[in-house]
Student: 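First, the structure itself, so that you have it in front of you.
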Amino acid sequence: EDEVSAVRKQLLRLAADFDNFRKNARKEIAKVREFGNEQLFLSLLPIVDNLERALEHHDGEKLQWVEGVEIILKQFTEVLESFGVVSFSCLGEVFDPEKHEAVEKVPARDVKSGLIVEEFAKGYMQHNELLRPAKVVVAMAGIVENNTTDLEGIETLAEILDDDGE
């Protein structure tokens, strides 16, 4: 009787373990379905960026190619959104290294240091998780504008090196 009871408890534990395994497997499958296309989306985002750039740089006339690019961009955006991929804009926000990638720093003239003053590429989220950080220009205090050409900077460096050698 004790042996039957022990086997029964072992069987119940095994059934509970299997049930937990099945639940975890379902969660993993759902996660793969939700985020499994990440590399595909990351490959498509530069195409979306280029379509947006093309629309930014036309002269304002409603030409047929502009309408075509607008339609293609809209289709790309709708498909991405159907998979939970949405862009976010960050112009004027405080730089956050968790969602922004600083590609350049400029002197903070009329804005607070640490603010994003230009956006080279939008950031994207997928189901509220970062897919691609926004590529931005950040205003920073303490940066001095250098109006010299690259050659002038090299000559100055050469003079400093010559002075050290004497």
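Position 1 is the first residue of the sequence, and the numbers go up from there. Treat the numbers as computed from the prediction; the structure is a model and nothing was measured.
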Student: State whether Arg132 and Asp49 are salt-bridged, where the test is any N-O pair (Lys NZ or Arg NE/NH1/NH2 against Asp/Glu carboxylate O) under 4.0 Å.
Tutor: yes
Student: Answer yes or no: is there an ion pair linking Lys23 with Asp19, defined by an N-O contact shorter than 4.0 Å?
Tutor: yes
Student: Walk me through it: do Val86 and Leu80 pass the test side chain to side chain contact (heavy atoms under 4.5 Å, CB included)?
Tutor: CA-CA 7 Å; Val86 293; Leu80 290 170; over 6 Å; no
Student: Taking the cut-offs as 6.0 angstrom to the six-membered ring centre and 45 degrees off its axis, would you call Lys122 and Phe88 a cation-pi pair?
Tutor: no
Student: Which heavy atom of Leu130 sits nearest to which heavy atom of Glu98, and what is that distance?
Tutor: CD2-O, 3.0 Å
Student: I'd like to check the side chain to side chain donor-acceptor pair (under 3.5 Å) partners of Arg8; sequence neighbours left out, ordered by chain and number.
Tutor: none
Student: Do Asn50 and Ile47 have side chains that approach each other closer than 4.5 Å (heavy atoms only, starting at C-beta)?
Tutor: no
Student: Same cluster or not: are Leu73 and Leu45 linked, directly or through other Ile, Leu, Val, Met, Phe, Trp or Tyr residues, by side-chain heavy atoms under 4.5 angstrom apart?
Tutor: yes
Student: More than 12 non-hydrogen atoms from neighbouring residues, nucleotides or ligands closer than 6.0 Å to CG on Asn24, yes or no?
Tutor: yes
Student: Are there over 12 heavy-atom neighbours, none belonging to Glu67, within less than 6.0 Å of that residue's CD?
Tutor: yes
Student: Let me see the working for Glu93 and His100 under side chain to side chain contact (heavy atoms under 4.5 Å, CB included), right down to the final yes or no.
Tutor: CA-CA 10 Å; Glu93 291 182 9; His100 307 129; 3.9 Å; yes
Student: Could you walk me through whether Val69 and Val66 pass side chain to side chain contact (heavy atoms under 4.5 Å, CB included), step by step?
Tutor: CA-CA 5 Å; Val69 170; Val66 173; 5.9 Å; no
Student: For Val79, does its backbone N or O pair with a side-chain atom of Ser82 as donor and acceptor, under 3.5 Å?
Tutor: yes
Student: Specify the closest pair of heavy atoms between Glu104 and Val106, including all atoms of both residues, with the distance to one decimal.
Tutor: OE2-CG1, 3.8 Å
Student: Looking only at non-hydrogen atoms, find the nearest pair between Ala54 and Trp65 and report the distance.
Tutor: O-CH2, 4.0 Å
Student: Does a side-chain heavy-atom distance below 4.5 Å link Glu81 with Val85?
Tutor: no
Student: For the residue pair Val136 and Phe120, establish whether any side-chain heavy-atom pair is separated by less than 4.5 Å.
Tutor: no
Student: So, for Ala139 and Val117, which heavy atoms are closest and what is the spacing to 0.1 Å?
Tutor: CB-CG1, 3.8 Å
Student: Nearest 0.5 Å, what's the NZ-CD distance between Lys135 and Glu101?
Tutor: 4.0 Å
Student: Cys90 and Ala134: which non-hydrogen atoms are nearest, and at how many Å?
Tutor: SG-CB, 3.7 Å
Student: Evaluate side chain to side chain contact (heavy atoms under 4.5 Å, CB included) for Phe95 paired with Leu115, printing each intermediate quantity in order.
Tutor: CA-CA 6 Å; Phe95 178 78; Leu115 286 183; over 6 Å; no
Student: Does Leu131 reach the side chain of Met125, with side-chain heavy atoms less than 4.5 Å apart?
Tutor: no
Student: For residues Asp96 and Lys99, determine if any side-chain heavy atom of one lies less than 4.5 Å from a side-chain heavy atom of the other.
Tutor: yes
Student: Any heavy-atom pair between the side chains of Ile72 and Phe76 that's under 4.5 Å?
Tutor: yes
Student: Do Leu40 and Val48 belong to the same hydrophobic cluster, where Ile, Leu, Val, Met, Phe, Trp and Tyr are linked whenever their side-chain heavy atoms lie under 4.5 Å apart, directly or via other members?
Tutor: yes
Student: Would you say the side-chain atoms of His127 pair up with the backbone N or O of Phe83, donor to acceptor, closer than 3.5 Å?
Tutor: yes
Student: Do you know the tightest heavy-atom contact between Glu70 and Leu55?
Tutor: CG-CD2, 3.7 Å
Student: Got a second to check how far Glu52's CD is from Thr77's OG1, nearest 0.5 Å?
Tutor: 6.5 Å
Student: Evaluate whether atom CD of Glu78 has more than 12 neighbouring non-hydrogen atoms of other residues, nucleotides or ligands under 6.0 angstrom away.
Tutor: yes
